[in-house]
Amino acid sequence: QERLHAAESARAAAEEGRALAQHRVEVMAARLAHPAPTAHLGDLDAAWIAYAPASRALEQRLDALAPDDGPVCLLAEPGAGVAAAARRLHGHSPRAAGPLVVVDCGALRVDAARAALLGDARSAPRREGLLAQAAGGTLVLCDLPALGHDALAALQEALATGQARSLGESSPYAVEARVVVSTRRPPEEVDLPRGLLRALEGRTVRTAPLRARREDLESLSLLGIDR
């Protein structure tokens with residue numbers, strides 16, 4: 001009878017443990033599937049976890065692109081881990097010791113996006129642009145189409161010429177930042193300048209959505225609880 005009671009207690013404890021683990025996974029999955037507007041900037045999203053085959057395939061693609069200096073487009077659904085992929089690119093590149101500047105383009109006013117990107121010498125104090133802030137490192141522009149036509153045209157010119165000019169300045173400065181962007185649809189399906197599309201041709205990486213990362217969920221859940 002004692003052995004039966006012990007066995008029932010152990011079974012109950014195991015079931016309780018499984019239920020708790022499942023609850024943790026479901027909570028974290030819900031958080032990742034429906035992130036807050038700035039969730040892609042957080043530490044959880046920036047952690048690199050790759051047990052799922054889709055995650056390992058993404059890892060290989062990112063590591064292959066990391067050493068060169070060209071722009072990269074991350075094709076990502078909401079909650080798909082843009083910052084984590086961007087950090088992987090940055091951390092495995094020759095620019096790893098430089099700054100990593102991550103910007104939510106949707107948080108910028110369209111009429112002020114060009115000044116934010118290039119800089120504004122007319123403001124007091126003078127405002128340094130995102131391209132200059134990321135010099136020697138990587139600039140990540142999340143939700144690129146939200147920049148608007150003027151800023152997208154300025155970005156296209158900066159990538160094509162390797163130079164940019166702050167608003168109100170006559171002399172350009174060298175663009176020394178690698179640019180990584182993210183979109184929710186393939187670049188060719190988004191209203192982007194033709195030159196920008198050419199720069200991103202063959203350099204688009206589809207990130208793994210959460211539903212394709214079942215093997216990663218438990219680790220993501222435990223990471224979220226630890227933090």
Side-chain angles (χ1 to χ4, degrees), residues 28 32 35 38-105 117 129-144 147 155 158-160 162 164 174-184 186-187 192 196-224 226-227:
M28 189 52 55
L32 292 170
T38 56
H40 61 271
L41 304 180
D43 289 338
L44 174 61
D45 189 51
W48 187 257
I49 293 173
Y51 298 111
S55 299
R56 291 198 297 270
L58 172 61
E59 179 179 88
Q60 292 176 1
R61 176 73 169 134
L62 293 173
D63 290 355
L65 287 171
D68 83 55
D69 230 15
V72 173
C73 178
L74 300 173
L75 181 57
E77 298 178 8
V82 170
R87 284 185 186 274
R88 182 82 187 186
L89 277 169
H90 176 73
H92 286 70
S93 76
R95 297 175 173 271
L100 175 64
V101 179
V102 183
V103 181
D104 180 359
C105 297
L117 181 70
L130 295 169
L131 287 168
Q133 291 175 38
T138 305
L139 173 61
V140 184
L141 298 172
C142 300
D143 193 14
L144 178 67
L147 271 184
L155 177 63
L159 290 176
V175 174
E176 298 176 347
R178 183 188 199 175
V179 176
V180 176
V181 305
S182 80
T183 61
R184 298 183 183 184
L192 297 179
L196 197 51
L197 286 173
R198 283 197 297 270
L200 295 173
E201 189 173 355
R203 305 185 63 80
T204 296
V205 180
R206 186 180 292 273
T207 62
L210 191 63
R211 63 180 176 275
R213 302 178 61 193
R214 296 183 65 86
E215 295 87 346
D216 298 341
L217 286 179
E218 185 173 356
S219 294
L220 289 168
S221 174
L222 293 174
L223 179 65
D226 287 344
R227 292 180 188 278

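These values consider heavy atoms only, across backbone and side chains, with no hydrogens, waters or symmetry-generated copies.
- With contacts defined as side-chain heavy-atom distances shorter than 4.5 Å, the pair R87/V102 does not qualify.
- In terms of heavy atoms, G91 sits closest to A96 at O-CB, 3.6 Å.
- Looking only at distances, a side-chain donor or acceptor of T207 sits under 3.5 Å from a matching main-chain atom of L75.
- Within the 4.5 Å cutoff, the side chain of V175 has no heavy atoms near those of the L159 side chain.
- Not one N or O on the side chain of R88 forms a donor-acceptor pair closer than 3.5 Å with the backbone of A66.
- Checking side-chain atoms of H90 against main-chain N and O of R178 turns up no donor-acceptor pair under 3.5 Å.
- If you take CZ on R203 and CZ on R198, they are separated by 15.5 Å, rounding to the nearest 0.5 Å.
- When all heavy atoms are compared, the tightest approach of L131 to A158 is CD1-CB, 4.0 Å.
- Between H92 and L62, the closest side-chain pair of non-hydrogen atoms is not below 4.5 Å.
- What you find for A85 and L74 is that their closest heavy atoms are CB-CD1, 3.9 Å.
- Rounding to the nearest 0.5 Å places SG of C105 at 4.5 Å from CG of L141.
- For the pair L200 and V181, the minimum side-chain heavy-atom distance is below 4.5 Å.
- Under the 4.5 Å side-chain criterion, counting only non-hydrogen atoms from C-beta, T183 is in contact with C73.
- Counting heavy atoms from C-beta on, the side chains of L196 and L144 come closer than 4.5 Å.
- Contact detail for A134 and A177: the closest heavy-atom pair is O-CB, 3.4 Å.
- Annotation for T204 and R61: closest pair O-NH2, 3.9 Å, computed over non-hydrogen atoms.
- Put simply, the side chain of V103 does not reach to within 4.5 Å of the side chain of Q133, judged on heavy atoms.
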